[in-house]
**Q** 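Submitted below is the structure of interest, expressed as structure tokens.
Please read these numbers as outputs of a predicted model, since none were measured by experiment. Note that ligands are numbered from 1 as they come in the structure, with each ligand's atoms numbered from 1 the same way. Note that these values count all heavy atoms, side chains included, but never hydrogens, waters or copies made by symmetry.
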Amino acid sequence: MIRSIKRFLTTLLLVAGCTLLLFCASSSRVRNFSWFRYIYSQHSSVDLPVATSLEQCAAAPFVMPTSGWIGIVYGDSILGTQNHSGLDIFGLEGNGVTPVYAAYDGYLTRLPEWTSAVIIRHPQDPLEPDRQIWSFYTHMADEAGHSYIINQIPPGTFELPVKQGTLLGYQGDYNGQSWRSIDTHLHFSLVLDDGYGKFLNETDIANTIDPSPYLGMRLNTHCADRPPVCRPDYTCSPLDLGS
Ligand SMILES: [Zn+2]
């Protein structure tokens with residue numbers, strides 16, 4: 001009898017959970033759902049893995065492009081649906097406040113339709129000099145589409161030379177047409193070239209690179225230090241990778 005009541009209650013909970021998920025997924029925009037706030041609440045009692053903009057670890061070629069809590073690292077799952085292709089760094093100061101800088105010298109492009117994003121071409125990967133790579137920076141606008149990218153980088157900018165540490169804009173919470181509301185942060189990723197001088201689609205993790213060796217920190221979901229720290233052994237060991 002007790003067992004069947006338990007089973008009934010479990011089924012009821014499952015149905016309620018599924019209904020809630022379906023409701024969330026079907027509404028055009030769920031303003032009060034925040035993945036970041038959920039993660040933050042899970043970790044807020046421990047040391048915050050705070051990054052400092054322009055910080056550079058010994059021997060690492062790139063500088064940290066912004067300041068904040070590195071809440072989501074390379075390869076983390078978001079809503080269980082995808083592998084995260086970069087780092088999400090949450091400035092915790094609200095929109096339009098926390099500066100975003102170029103992580104490395106290169107040539108910047110902002111496509112005409114880009115509200116909150118820029119991409120920088122690095123003709124020579126400092127770690128693999130035979131290839132060209134790109135660094136991508138997004139969410140630099142508010143929810144309504146007011147851009148926080150500096151005026152000197154208007155939509156349609158093409159191949160603008162920038163230096164490591166050049167100010168690009170400020171963190172925001174713009175998330176395009178997505179139903180999912182987000183908190184103010186920078187999404188930063190390293191993107192592979194298609195071999196013909198164009199960047200690949202960075203939303204697919206297969207087209208991106210683990211930023212750990214470029215920043216000199218363990219920033220891969222398999223072995224990330226939380227909080228991340230500069231360390232010479234910044235790549236995951238085979239044990240961490242489960243091989
Ligand atoms: Zn992200």
**Q** Before accepting this row, confirm whether a basic side-chain N of the pair Arg218/Asp225 lies closer than 4.0 Å to the acidic partner's carboxylate O.
**A** no
**Q** Keeping to residues at least two apart or across chains, list the disulfide bond (SG atoms under 2.5 Å apart) pairs with something in residues 156-223.
**A** Cys223-Cys236
**Q** Asp88: which N/O/S atom is nearest the Zn ion (ligand 1)?
**A** OD1
**Q** Can you classify the ring geometry of His139 versus His185 as parallel (below 30°), tilted (30 to 60°) or perpendicular (above 60°)?
**A** tilted
**Q** Test of understanding: with side chain to side chain donor-acceptor pair (under 3.5 Å), list the residues that count as partners of Gln152, not counting sequence neighbours.
**A** none
**Q** With the Zn ion (ligand 1) as the point of reference, which N/O/S atom of His187 is the closest?
**A** ND1
**Q** Using a cut-off of strictly less than 2.8 Å, determine whether His84 has an N/O/S atom near the Zn ion (ligand 1).
**A** yes
